[in-house]
Novice: 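I'd like to ask some things about the structure below.
Each chain gets a letter, A, B and so on, in the order the sequences are listed, and its residues count up from 1.
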Protein chains: 2
Amino acid sequence: MGIAERKEREKERRRQEIIDAAEKVFFRTGFDQSSMDQVAEEAELSKGTIYLYFKSKEDLHWAIAARGMEILKESIRRSVAGIRTGAEKLMAIGRCFIEFSEKHRDYFLSLLFFEGKNLEKLHLSKKQVHDAFYGDSPIMILQQTIEEGMSDGSIRTGLPAASLTHTLWAQTLGVLQVIQNKKEVFDLFGIDRESLIRSHIEILRKGIIQ
Amino acid sequence: MGIAERKEREKERRRQEIIDAAEKVFFRTGFDQSSMDQVAEEAELSKGTIYLYFKSKEDLHWAIAARGMEILKESIRRSVAGIRTGAEKLMAIGRCFIEFSEKHRDYFLSLLFFEGKNLEKLHLSKKQVHDAFYGDSPIMILQQTIEEGMSDGSIRTGLPAASLTHTLWAQTLGVLQVIQNKKEVFDLFGIDRESLIRSHIEILRKGIIQ
DNA sequence: ATCATAAAATGACCAGCGGTCATAAATGAT
DNA sequence: ATCATTTATGACCGCTGGTCATTTTATGAT
């Protein structure tokens, strides 16, 4: 019976169409300033229908962020392919992340949005949490890379790989977040995007690569 | 004429009373879940009056965060007093910041809240921006400390002091933000608060202290 | 083709929110 | 006592995220 399968596909397609519409609206107006009515209109569906596919506005936003994660992950995968040492891969991942924050600003902002939210207060399913953190997520690739670097002697040992991984991730996101949100006062301090990134990279190079 | 001064004092006191009330409400319920009506009730004033003293809910929240900044600043001031080298002062500031995030969680969360907001979209006065970033703010103390460490040879040179300052600040906030928001998945990775902080400190020690 | 059942979609509706403003009360100068 | 100015009020507004009784559409058995 192919009907069940077709219906399943159509359901998934509709889901994607709603995400498409939400992306247009959220990216155009900003998440906070966008309304579910706008999303419904863009999707040419009623608001009630949107809520058949997503249980809240935040849930829909998460779906967009998940797309961003996927893009970032693929980008990282490509960037480390063919590189030898863990340390070099690490640097490639860093550059990748930074590039992502420029080339896919809208998705990056979606990721940042959830970075500032307490996981416990987000009502996520097991699957959502798993996909974002555990499965082959960007952060797991980073951890594998770090373990690789510790094995091949290119990355300092002595700190647990998992701790180092999440610390690096957090530091990098912190820097990118400041670049995103505090641009306005950069002139006051005579700093800019590039100098912050260079400082960050230099600290990490000396701090964890041996 | 002492009446104008008395009125000025009373106005300022009322302002502080409103912030007191808002703190109680926001800290109890969380900023997003709190309403201006609740604040008004707690302050035993009408909502309209609140809006005579603060131009928006966010403006009121900022006033709370500013108190947090003040506490952090004083704490930093005390912690660096009597310490010799820039590098040692730097470490003291780091510990201070981390302690602040524990001992004054509510204020710390207020700071984090604005860390995730784009400055340009916040409608802040010149004074608010100046006080938060320029005056003798925590970040300026950090910069002075770094310059001191560069002079006395305890901190690596080669990177502009201002860039290094803001990078350090951003990295540290990033780590504390992850600790705050991602606790829920720490078990999944076998990490915890302390191991992340240790990694962070170790990276910085090797990365910038010489 | 007809019809009963189930699945999908609708949009009027709701409570709560941040924010406003015409009005009223309190205060101080005359 | 009178009046002008400052301070305070709370009813009111528009908009939002979210719900749900109702309708429309698709399906499979007859």
Side-chain angles (χ1 to χ4, degrees), chain A residues 1-23 25-26 28-64 110 113-114 117 121-125, chain B residues 1-22 25-26 28-64 110 113-114 117 121-124:
Chain A
M1 187 58 68
I3 287 181
E5 283 82 352
R6 198 205 73 225
K7 279 207 162 192
E8 202 51 49
R9 280 200 311 276
E10 281 175 353
K11 215 165 170 175
E12 178 56 25
R13 203 181 67 205
R14 176 125 299 177
R15 207 185 112 89
Q16 295 300 327
E17 284 168 358
I18 293 173
I19 303 177
D20 290 342
E23 265 186 22
V25 175
F26 290 174
R28 189 194 308 137
T29 326
F31 176 75
D32 284 331
Q33 284 67 43
S34 303
S35 72
M36 290 299 264
D37 286 286
Q38 286 175 267
V39 172
E41 195 187 327
E42 180 73 45
E44 295 174 279
L45 289 168
S46 72
K47 188 159 64 165
T49 302
I50 308 288
Y51 278 94
L52 289 176
Y53 289 83
F54 297 91
K55 69 181 196 298
S56 67
K57 190 187 180 190
E58 219 165 41
D59 192 34
L60 181 48
H61 197 191
W62 182 271
I64 295 175
S110 294
F113 176 86
F114 287 104
K117 300 276 165 186
K121 284 176 186 165
L122 260 29
H123 304 107
L124 300 173
S125 66
Chain B
M1 188 59 69
I3 288 179
E5 284 82 353
R6 197 203 73 224
K7 280 207 162 190
E8 200 53 48
R9 280 200 312 276
E10 281 175 353
K11 212 165 172 175
E12 178 57 26
R13 203 181 67 206
R14 174 126 301 174
R15 206 186 113 90
Q16 294 301 326
E17 284 168 359
I18 293 173
I19 303 178
D20 290 341
V25 174
F26 290 174
R28 189 195 307 138
T29 327
F31 176 73
D32 284 329
Q33 283 66 43
S34 303
S35 72
M36 290 300 265
D37 286 287
Q38 287 174 269
V39 172
E41 195 187 328
E42 180 73 44
E44 295 174 279
L45 289 168
S46 73
K47 189 159 65 164
T49 303
I50 308 288
Y51 278 94
L52 289 177
Y53 289 82
F54 297 91
K55 69 181 196 298
S56 67
K57 189 186 181 189
E58 219 164 41
D59 192 33
L60 181 48
H61 197 192
W62 182 271
I64 295 174
S110 293
F113 176 87
F114 287 104
K117 301 276 163 185
K121 285 178 186 165
L122 258 31
H123 304 110
L124 301 172

Novice: Just wondering, do A:F54 and A:I19 contact through their side chains at under 4.5 Å, heavy atoms?
Specialist: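 Heavy-atom side-chain distance check passes, below 4.5 Å.
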Novice: How many whole angstroms separate atom NE2 of A:H61 from atom P of D:dG17?
Specialist: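 Distance check: A:H61 NE2 to D:dG17 P gives 13 Å.
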Novice: Below 4.0 angstrom, N of the basic side chain to O of the carboxylate: do A:E17 and A:R13 qualify?
Specialist: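 A:R13 and A:E17: salt-bridged.
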Novice: Which pair of heavy atoms, one from B:H61 and one from B:S110, lies closest together, and at what distance?
Specialist: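 That would be NE2-OG, 3.5 Å.
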Novice: Send over the distance from A:R9 CZ to C:dA8 C1', rounded to a whole Å.
Specialist: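 Rounded to whole Å, this separation is 18 Å.
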Novice: Given D:dT27, is OP1 or OP2 found less than 4.0 Å from the side-chain N or O atoms of A:R6?
Specialist: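 Yes, such a contact exists.
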Novice: Please name the pair of heavy atoms, one in B:Q33 and one in B:Q38, separated by the smallest distance, quoted to 0.1 Å.
Specialist: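 Reported closest heavy-atom pair: O-OE1, 3.6 Å.
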Novice: Which atoms form the tightest heavy-atom contact between B:S34 and B:K57, and what is the distance?
Specialist: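 Looking at all heavy atoms of both residues, the closest pair is O-NZ, 2.7 Å.
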Novice: Roughly how many Å is it from CD in B:E8 to C1' in D:dT6, rounded to a whole number?
Specialist: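 After rounding, the reported distance stands at 13 Å.
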Novice: Is there a side-chain contact between A:E42 and A:R28 (heavy atoms, below 4.5 Å)?
Specialist: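 Yes; the side chains approach each other to less than 4.5 Å.
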Novice: Would A:R9 and A:E5 pass as an ion pair if we require N to O under 4.0 Å?
Specialist: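 No, no charged N to carboxylate O under 4.0 Å.
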Novice: Whole Å only: how far is the CZ atom of A:F26 from the P atom of D:dT16?
Specialist: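 Value for this atom pair: 12 Å.
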Novice: How many Å lie between CZ on A:R14 and P on D:dA26, as a whole number?
Specialist: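 In whole Å, D:dA26 P lies 11 Å from A:R14 CZ.
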Novice: Which sits closer to the 5' end of DNA chain C, B:E58 or A:K7, going by the nucleotide each is nearest to?
Specialist: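 Counting from the 5' end, the first nearest nucleotide belongs to A:K7.
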Novice: Let's see if you get this right: which residues in residues 47-56 of chain B place a heavy atom under 4.0 Å from DNA chain D?
Specialist: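 Close to the strand are B:G48, B:T49, B:L52, B:Y53.
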Novice: Rounded off to whole Å, could you give me the NZ-to-P distance for the B:K11 and C:dT27 pair?
Specialist: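 Those two atoms, NZ and P, are 15 Å apart.
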Novice: Looking at DNA chain C, which of residues 28-45 of chain B put a heavy atom within less than 4.0 Å of it?
Specialist: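 Contacting residues: B:S34, B:S35, B:M36.
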Novice: If the test is ring-ring contact (aromatic ring centres under 6.0 Å, His included), which one of A:F114, A:W62, A:F26 qualifies with A:F31?
Specialist: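 The residue from A:F114, A:W62, A:F26 that satisfies ring-ring contact (aromatic ring centres under 6.0 Å, His included) with A:F31 turns out to be A:F26.
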Novice: Between P on D:dA8 and CD on B:E10, what's the gap in Å once rounded to a whole number?
Specialist: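 Whole-Å distance recorded here is 9 Å.
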Novice: Are any of the side-chain nitrogens in A:R14 or A:E10 under 4.0 Å away from the carboxylate oxygens of its partner?
Specialist: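 No.
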